J.: 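I have a structure I would like to understand better, so I am pasting it below and will then ask my questions one at a time.
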Protein chains: 2
Amino acid sequence: MKYSKQRDMILQYITSSCTHPTAEMVYKDLKEEIPNLSLGTVYRNLDRFVKENLILRIKIPNDKDRFDVNTKKHVHAICTKCGKVTDISLKQIDDLDYCIQDLFKCKVISKSLVFYTICNECDKGGI
Amino acid sequence: MKYSKQRDMILQYITSSCTHPTAEMVYKDLKEEIPNLSLGTVYRNLDRFVKENLILRIKIPNDKDRFDVNTKKHVHAICTKCGKVTDISLKQIDDLDYCIQDLFKCKVISKSLVFYTICNECDKGGI
DNA sequence: TTCCAAAATAGTAATTATTACTATTTTACG
DNA sequence: CGTAAAATAGTAATAATTACTATTTTGGAA
């Protein structure tokens, strides 16, 4: 593994962000600092960080993947108005796996769970 | 709204299937009976049935959508080995919405939940 | 029955997110 | 320094779905 400025900056960007950015957001913002940055480089490095368990990939049906510094077990809520992504950690959600396992006699490997919501701010009259 | 043989057969196919087929599966199978059937027609009609609440669309991250005759509130488990899709209906899952609503002070509109599993048959030595 | 406008279809093109590919550049070790 | 491995930039490919358009079908009315 060899150093690269691009990788370094992508990791820095993603670990200091709290907005669960998409690859495109990372690309657009870093492009200003590294004008010849390639979107492929962003994807490749984000993939790599996911494999190294430095970040998580949030897969959203029919939408862009988002990336998350929080590697602890959790799921997400997406506001359908402003698009904000919120981390959700809840014992009841983790327990589902065991519940399904027992009731349906199958091994639960993982799950994909996204809540579509209207967040507190948007509900109060919107941004 | 005008009758069409294609729509009629697509609805018949999907309502009598129990495998949660993709649009492509519907297309491939019906193509044998209607040789000039178009994939667009399948998509258009499935969309329409979803809007009319005759069937449900199952969105699976990074995979083809599947369609389900069961329009009751439920989620799905996908076997990561054989691909079989199983309906899952569980009070604890429905309750999550209220739980999230209270804890995170947001309105839950809907959720997307898919369990990735190894089903009973595949676990016993596989198909 | 025949005419005709609305609706539906077939077949192709476009879209969108992501991955793959290739020539060039960068890195770091001997 | 020289060089091989690794990384990048930029473009092309992929895959599922949607959009578009010319043609066909449907069903009510003359």
Side-chain angles (χ1 to χ4, degrees), chain A residues 1-14 19-52 54-68 76 78 83 85 112 114 116, chain B residues 1-14 19-52 54-68 76 78 83 85 112 114 116:
Chain A
M1 201 250 269
K2 289 183 178 174
Y3 171 85
S4 95
K5 188 179 75 167
Q6 286 85 336
R7 180 161 56 237
D8 207 50
M9 292 190 71
I10 292 167
L11 184 59
Q12 220 176 299
Y13 181 97
I14 195 85
T19 56
H20 307 82
T22 62
E24 211 190 7
M25 289 172 189
V26 178
Y27 172 70
K28 263 183 84 180
D29 282 353
L30 287 181
K31 184 91 178 168
E32 293 179 15
E33 293 178 71
I34 316 169
N36 69 335
L37 179 67
S38 166
L39 184 56
T41 299
V42 174
Y43 271 108
R44 187 165 15 82
N45 280 294
L46 288 175
D47 273 348
R48 180 181 183 140
F49 299 150
V50 169
K51 274 175 194 140
E52 290 170 342
L54 295 173
I55 59 172
L56 282 187
R57 177 191 294 269
I58 313 171
K59 290 186 179 182
I60 302 167
N62 302 10
D63 207 346
K64 296 171 194 170
D65 288 359
R66 286 166 166 270
F67 297 87
D68 192 340
H76 297 91
I78 301 174
V85 175
S112 157
V114 173
Y116 296 97
Chain B
M1 200 251 267
K2 290 184 177 175
Y3 171 85
S4 96
K5 188 179 75 168
Q6 286 86 337
R7 179 161 57 236
D8 207 51
M9 291 189 72
I10 293 166
L11 185 58
Q12 221 176 299
Y13 181 97
I14 193 87
T19 55
H20 308 80
T22 62
E24 211 191 7
M25 289 171 187
V26 177
Y27 172 71
K28 264 182 83 181
D29 282 352
L30 287 180
K31 185 91 176 168
E32 293 181 15
E33 292 178 72
I34 316 169
N36 69 335
L37 179 68
S38 166
L39 183 57
T41 300
V42 173
Y43 270 108
R44 187 162 17 79
N45 281 294
L46 288 174
D47 273 347
R48 181 181 183 140
F49 299 149
V50 169
K51 274 174 194 143
E52 290 170 342
L54 296 173
I55 60 172
L56 282 187
R57 177 192 295 269
I58 312 172
K59 290 186 178 181
I60 304 168
N62 301 12
D63 207 346
K64 298 171 194 173
D65 288 359
R66 287 167 167 267
F67 296 89
D68 192 339
H76 297 91
I78 301 175
V85 176
S112 158
V114 173
Y116 296 96

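No experiment lies behind these values; they were computed from the predicted model shown. Residue numbers begin at 1 in each chain, while the letters A, B, ... track the order of the sequences.
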J.: I want to confirm an ordering. Mapping B:L39 and B:S4 to their closest nucleotides on DNA chain D, which one lands closer to the 5' end?
T.: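 Looking at DNA chain D, the more 5' nearest nucleotide goes with B:L39.
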
J.: On DNA chain D, does the nearest nucleotide to A:R48 precede the nearest nucleotide to A:G40 from the 5' side, or the other way round? Give the residue.
T.: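 With A:R48 and A:G40 compared, the 5'-side residue is A:R48.
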
J.: Starting from C1' on C:dT18, measure out to CG on B:N62 and report it in whole angstrom.
T.: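 It works out to 9 Å between those atoms.
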
J.: Answer with yes or no whether A:K2 presents, from its side chain, a donor or acceptor under 3.5 Å of a partner atom in the base of D:dA7.
T.: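 There is none.
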
J.: Given C:dT9, D:dG10, D:dA7, which nucleotide is nearest the side-chain atoms of A:N36?
T.: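 In terms of side-chain proximity for A:N36, the closest of C:dT9, D:dG10, D:dA7 is D:dG10.
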
J.: Just checking B:N45: base, sugar-phosphate only, or nothing, at a heavy-atom cut-off of under 4.0 Å?
T.: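 Touches sugar-phosphate only.
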
J.: Please tell me if A:Q6 has a side-chain N or O lying less than 4.0 Å from either OP1 or OP2 of C:dT26.
T.: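 No, A:Q6 has no side-chain N/O under 4.0 Å of OP1/OP2 on C:dT26.
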
J.: Find which nucleotide of DNA chain C each of A:R44 and B:R7 is nearest to by heavy atoms, and output the residue with the more 5' nucleotide.
T.: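 Comparing both residues, the 5'-ward one is B:R7.
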
J.: Whole Å only: how far is the OH atom of A:Y27 from the C1' atom of C:dT18?
T.: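 Spelled out: OH on A:Y27 to C1' on C:dT18 is 14 Å.
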
J.: Quickly work out the B:F49 CZ to C:dA8 C1' distance and round it to whole Å.
T.: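 That distance rounds to 12 Å.
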
J.: Looking only at heavy atoms, which two atoms of B:T41 and B:R44 are closest? And how far apart?
T.: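 It is OG1-NH2, 3.1 Å.
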
J.: Given atom NZ of B:K5 and atom C1' of C:dA7, what is their separation to the nearest angstrom?
T.: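 Atom-to-atom, B:K5 to C:dA7, this comes out as 17 Å.
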
J.: Are A:T41 and D:dA9 close enough that a side-chain N or O sits under 4.0 Å from OP1 or OP2?
T.: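 Yes, A:T41 has a side-chain N/O under 4.0 Å of OP1/OP2 on D:dA9.
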
J.: Is there a donor and acceptor pair closer than 3.5 Å between the side chain of A:K64 and the base of C:dA17?
T.: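 Counting by modelled atom types and ignoring angles, no donor-acceptor contact under 3.5 Å is found here.
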
J.: Calculate the interatomic distance between B:L46 atom CG and D:dA16 atom P; express it in whole Å.
T.: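 Rounded to whole Å, this separation is 15 Å.
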
J.: A:E24 has an atom CD; how far is it from atom P of C:dT18, in whole Å?
T.: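 Going from A:E24 (CD) to C:dT18 (P), I get 9 Å.
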
J.: For the pair made of CG in B:D63 and C1' in D:dA16, what is the distance, rounded to whole Å?
T.: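 So the two atoms are 10 Å apart, to the nearest Å.
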
J.: OP1 or OP2 of D:dT17 versus the side-chain N and O atoms of B:Y43: is any pair under 4.0 Å?
T.: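 Yes, because at least one side-chain N or O of B:Y43 sits under 4.0 Å from OP1 or OP2 of D:dT17.
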
J.: Would you call A:R48 and A:E52 a salt bridge, taking side-chain N to carboxylate O under 4.0 Å as the test?
T.: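 Yes, charged N to carboxylate O under 4.0 Å.
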
J.: When you get a sec, tell me which of D:dA9, D:dT18, D:dA7 is the closest nucleotide to the side chain of B:D47?
T.: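 Per side-chain heavy atoms of B:D47, the pick is D:dT18.
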
J.: To the nearest angstrom, how far is B:M9 atom CE from C:dA10 atom P?
T.: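 Rounded to the whole Å, the gap is 12 Å.
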
J.: Donor-acceptor pair, distance only, cut-off 3.5 Å: does the side chain of B:R66 make one with the backbone of B:I58?
T.: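 It does not hold such a pair.
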
J.: May I ask you to say whether B:D65 pairs ionically with B:R57, meaning some side-chain N is under 4.0 Å from a carboxylate O?
T.: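 Judged by the 4.0 Å cut-off on N to carboxylate O distance, B:D65 and B:R57 do form a salt bridge.
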
J.: By the 4.0 Å heavy-atom rule, please label A:Y3 as base, sugar-phosphate, or nothing.
T.: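 Since only primed, P, OP1 and OP2 atoms lie under 4.0 Å of A:Y3, the category is sugar-phosphate.
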
J.: Without swapping roles, check the side chain of A:K31 against the backbone of A:L37 for a donor-acceptor pair under 3.5 Å.
T.: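 Yes; judged by distance alone, with no hydrogens or angles, the pair exists.
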
